[in-house]
Trainee: 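This is the structure I want to talk about, given as structure tokens.
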Amino acid sequence: MKILVLCSGGDAPGMNRFIYTLSKNFDDVYYAYKGFKGLVEGDIRKLDHSEIEKVKDEAGAYIRSSRYPEFKEKKYFLKGLKNALKFDATIVLGGNGSQKGAKELKENGVNVLFVPATIDNDVEGAEYSMGFDTAVYQGVYTVENSMPSFHTFSKTCLYKVMGRYCPKIAEAVFEKTNADYLIASESDLKYSKIKKIIKENEKKDKGTAIIVKEKIIDMDELKNKLEAYPTQIRVQTVGYLQRGGKPTKMELKKADQIANQTYKLIKAQIFGNSVMFEKIEKIAVKPL
Ligand code: F6P
């Protein structure tokens, strides 16, 4: 069987492990270099299993990824389609946009499976998507390993976390760290409330941890708004430490589980589906 794998959009910790575990089962695994871009341009390479083995526990995407909105345009899509049709199975790893690309391939006769892989954890119908646990872990690690110093000087820290338009990472980091305040949407920008928390903490000679989801407010603007209160405010961007963070044990386990399920579906020739953690411990197969 000739298998094609591609990663699309933002990479997610666990992608390499998934590809390693899946490819163990097949002799002929290929990948579209840089995702849909490589598929369209015909940049399709044979996977060297010994190479993917070296990075199976690392974040990033050995087979590379890209954001490639051109795939929505007919002339590019048709080129990609022609290449995908040469394979017995095409596996797409990515987020919502990539899922749409996979669906389009399915509707045009490609034997495709889609696996949610985005730290944002915002794929519809999936409780868990590859990369989320690592992204949360990295956020928690950053807060837990910097707050002690901020407490020493009663400083406030604004932790900017990734998540695009989805608050899940920010919410999870907030819960797991017992931070003082969460800004997960514009409605959380309650400046007088935040200043009050900072003031109360200062009275106790304590610092203040505020988790801020990206894309809500410019961090300098937020800092300036709060700086009105006489305290020292620092900004710590967690950002790419989350996407590039070393996959957690749970991440690797989940990547193995979903890769094994994907293998079973390929063997049984069941295509045209998303293979996803519908519940944290339950993999579901849902039509694209
Ligand atoms: O979608 C994953 C993600 O890491 C988001 O959390 C973030 O907003 C975005 O990608 C960053 O994308 P880029 O790599 O283009 O800066």
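Computation of the quantities below employed the complete heavy-atom set of this structure, encompassing side-chain atoms and omitting hydrogens, waters and symmetry-equivalent molecules. Numbers for residues simply follow the sequence, beginning at 1. All ligand and atom numbering here is 1-based and tracks the order in the structure.
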Trainee: Do M276 and F271 land in one hydrophobic cluster if side-chain heavy atoms of ILVMFWY residues count as linked below 4.5 Å?
Mentor: no
Trainee: For K203, which residues count as a salt bridge (charged side-chain N to carboxylate O under 4.0 Å, His left out) partner, sequence neighbours excluded?
Mentor: none
Trainee: Once the angle between the rings of Y20 and H49 is folded into 0 to 90°, is it parallel (under 30°), tilted (30 to 60°) or perpendicular (over 60°)?
Mentor: parallel
Trainee: Between F71 and Y68, how do the two ring planes meet: parallel, tilted or perpendicular, split at 30° and 60°?
Mentor: tilted
Trainee: Same hydrophobic cluster for F18 and V123, using side-chain heavy-atom links shorter than 4.5 Å among ILVMFWY?
Mentor: no
Trainee: Any carboxylate oxygen within less than 4.0 angstrom of a Lys/Arg side-chain nitrogen, looking at R45 and D43?
Mentor: yes
Trainee: At a heavy-atom distance under 4.0 Å, which protein residues reach ligand 1? Sort them by chain and number, would you?
Mentor: R67, I119, D120, M162, G163, R164, E214, K215, Y240, R243
